[in-house]
2 protein chains.
Amino acid sequence: MTIRSVPTLDDVAKRAAVSTATVSRCLNSPEQVSEATRNRVNEAVNALGYTPNFGARVMAAKRTNTIGAIIPTMENAIFARGLQAFQDELRTRGYTLLVASSSYKSDVEEEQVRALISRGADGLLLIGHDRSATIMNYLAARNVPALVAWAHDPGAVLPSIGFDNFEAMCALARQVMSLGHQRIGLISAATETNDRARARVLAVRHVMQEAGISPDNLHIIETEYGIETGATAFQSLIDAGHDPSVVFCGNDVLAVGAMKQAQKMGINVPSDISITGFDDIEIARVVVPELCTVHVPHRKMGARAAGILVDMVEGRPFPHTTQLDATLEIRGSLSSASAVR
Amino acid sequence: MTIRSVPTLDDVAKRAAVSTATVSRCLNSPEQVSEATRNRVNEAVNALGYTPNFGARVMAAKRTNTIGAIIPTMENAIFARGLQAFQDELRTRGYTLLVASSSYKSDVEEEQVRALISRGADGLLLIGHDRSATIMNYLAARNVPALVAWAHDPGAVLPSIGFDNFEAMCALARQVMSLGHQRIGLISAATETNDRARARVLAVRHVMQEAGISPDNLHIIETEYGIETGATAFQSLIDAGHDPSVVFCGNDVLAVGAMKQAQKMGINVPSDISITGFDDIEIARVVVPELCTVHVPHRKMGARAAGILVDMVEGRPFPHTTQLDATLEIRGSLSSASAVR
DNA sequence: CCGAAAACTGTAAGCGCTTACATCGGAATA
DNA sequence: TATTCCGATGTAAGCGCTTACAGTTTTCGG
């Protein structure tokens, strides 16, 4: 068996009896080539199974038509969903998506940023505004367009698209407080490196103050993302002897874990305790009672993000911040506090 | 502000007053360079904020330390989960992961295969054995190592890692049949382009024959992946007047949709009807009653796949097929047929 | 049927990096 | 001291592709 290496532009050119320039044009701007030649070239391309060498193309051209995205984890449905929409939209605009995940670690994120940029990403999608100065400097130095999603902060350096986590959580909290809840539990994702989680916690604090409820009535547990961790957190919250009438959860997954655990502990939701989530992923409607949560338009955000980022990359004007609406989904897991015990 | 472009090897060389070759060696095999020079070069690299141009490096060197993965969709938790493990393992071995999704479309998959390979992927992870001849030929022609995951077929051309979908579903079906079920519903993902779905359907057929149940007692509906579509499919199954005592579902998501719909229609699970899923994703334990399903070790598969693919890429020996065990998870949504009505 | 414009196609110069090969001081050996 | 070696460094040839520019062929109005 002959070891024949990967076909190059040159091979195609030879087979079609044209110059490499013509083959290149055939691939990049077919309208410049006569139909006869084009057919001949295409035939050769197919016969040889030719695919352009990306590296070479990048070097010679400059644009890669590639967008990179760095998300905390693929295992979180909201990112998966938003990203799928992002990719679909990107595809229709002729861009390819490269995904990497950071596991919520700043140093990994930095590494991934470098990897994607050195691979020629024309633009980057990042999650949230929390980011080391190193990364910000690097981004600035390389002058690569970057868009932050799942966050909304008109004051931030990087442009962003998202919703106002603080306001959304405030709206939910106000609804909850208006139901007479006074003793409050809160299961949150780590706030240290996650501005979204932080904003949600602040919102609860804020609304409590508005309602004249002492901060002493708030008990917070931070934990990792997951159903199990949500369950454990709920357990500790109860075991600690606080007796919340409502438990806010930083997201639906934690909330579902909490609900399961409540059920296991013989605590009825919502008659004994109310539980709320955030995100409105599918699981929220699957549990019984259905989970009261905040609906976030993840797909829409992904699609819009794609549009904006492409505009940035192609040098068109774009909005520095784009705010989408998150809406309250009042469902069965929330009831008034008066009904408690 | 001066527009200064991205620094190149040349800039670094100039600043350190050495040749480009020395800088390159400094970066790739530091031990070949004297310490004094090395320090000077490193200083220059840092001062300039230099990052090698990936494209150029690939062209000159040949290896990219990049692995590509093409999955049907990121929105399916099983792929997200497996892929996250895949990436984590890849990282520890010094590889970067590039992900693309095909939306279960063969032509899109082909496009993505080309995109990833032209971007220099040293190896490819693919899902399932169903694949157009075009892609197979292309892969063969380019001689790029490719590993198929979520499937197990010793006879297939491409090496694979996964579990035996047919056997796993047979095991579940035997368990179900042993409970006396005779009238059977089946909600499946599209079998046309999905060998895993096909194997599961075949398994049910096979076990029915084993048990001497007429194929007429089997009613199949194919539908897309999703909770909603699962619900709709369940509805049609019932509306069609078949009166199944058990409904097998191609995966947990469809099963959960079916359960929800049953509940909405006033059909009790499992006393009126049993429902089973496949995958054992988290949602399976969240629903009430808990979903009877087949547990698939997605994370383990992802991690193992990474190891095998790296071995393939680096020219070490590797197993042509690796089989993992899928295990039955008998849970509340399955009961014996005698209990029906 | 002529000349100019239009439509194609070819030539060749890089893009930034790696690496085989050449060069060049010394250190080691005789 | 002359010869040999060897480590450190420089030189320069590509890697495969795009594209400005130049050359060639058609097309067409007059």
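Computed over heavy atoms, backbone and side chain alike; hydrogens, waters and symmetry mates excluded. Proteins get letters first, then strands, A, B, ... in listed order; numbering begins at 1 in each.
In this structure, A/E31 places its CD atom 10 Å from P of C/dC8, rounding to the nearest Å.
Residues A/Y225 and A/N76 have side chains that bring a donor and an acceptor to within less than 3.5 angstrom of each other. A donor-acceptor pair shorter than 3.5 Å can be found between the side chains of A/S24 and A/N28.
Aromatic rings from B/W150 and B/F163 are positioned such that their centres are separated by 6.0 Å or more.
One finds the CD atom of B/E75 at 4.0 Å from the CZ atom of A/R299 (value rounded to the nearest 0.5 Å). Here the CG-CG distance, from B/L139 to B/L124, works out to 6.0 Å after rounding to the nearest 0.5 Å. Remark: B/F86 CZ to B/I67 CD1 distance equals 6.0 Å, nearest 0.5 Å. For the atom pair B/S101 OG and B/M74 CE, the distance stands at 4.5 Å (nearest 0.5 Å).
At a non-hydrogen distance threshold of 4.0 Å, B/T22, B/R25 from residues 22-29 of chain B come into contact with DNA chain D.
Across all strands shown, B/F54 has no heavy atoms under 4.0 Å from either base or sugar-phosphate atoms. Within the 4.0 angstrom heavy-atom criterion, only backbone atoms of the sugar-phosphate kind lie near B/V18; the bases stay farther away.
The overall bend of the helix from C/dC1-D/dG30 to C/dA30-D/dT1, read as the angle between its terminal helix axes built from five base pairs each, is 30° when rounded to 10 degrees.
Residues forming a salt bridge (charged side-chain N to carboxylate O under 4.0 Å, His left out) with A/R25 (at least two apart in sequence, or on another chain): none. Contacts of A/F54 classified as ring pair (Phe, Tyr, Trp, His ring centres under 6.0 Å), with partners at least two apart in sequence or in another chain: none.
Mapping B/A60 and B/T37 onto DNA chain D by nearest heavy atom places B/T37 at the nucleotide closer to the 5' end. Mapping A/T20 and B/A21 onto DNA chain C via the closest heavy atom, the residue that lands nearer the 5' end is A/T20.
Residue pairs meeting the salt bridge (charged side-chain N to carboxylate O under 4.0 Å, His left out) criterion with at least one partner in residues 32-49 of chain B, sequence neighbours excluded, are B/R15-B/E43.
When DNA chain D is scanned 5' to 3' for any atom under 4.0 Å from a heavy atom of chain A, the first and last hits are D/dG16 to D/dA20.
Using a 4.5 Å heavy-atom threshold, the side chains of A/V313 and A/Y95 count as touching.
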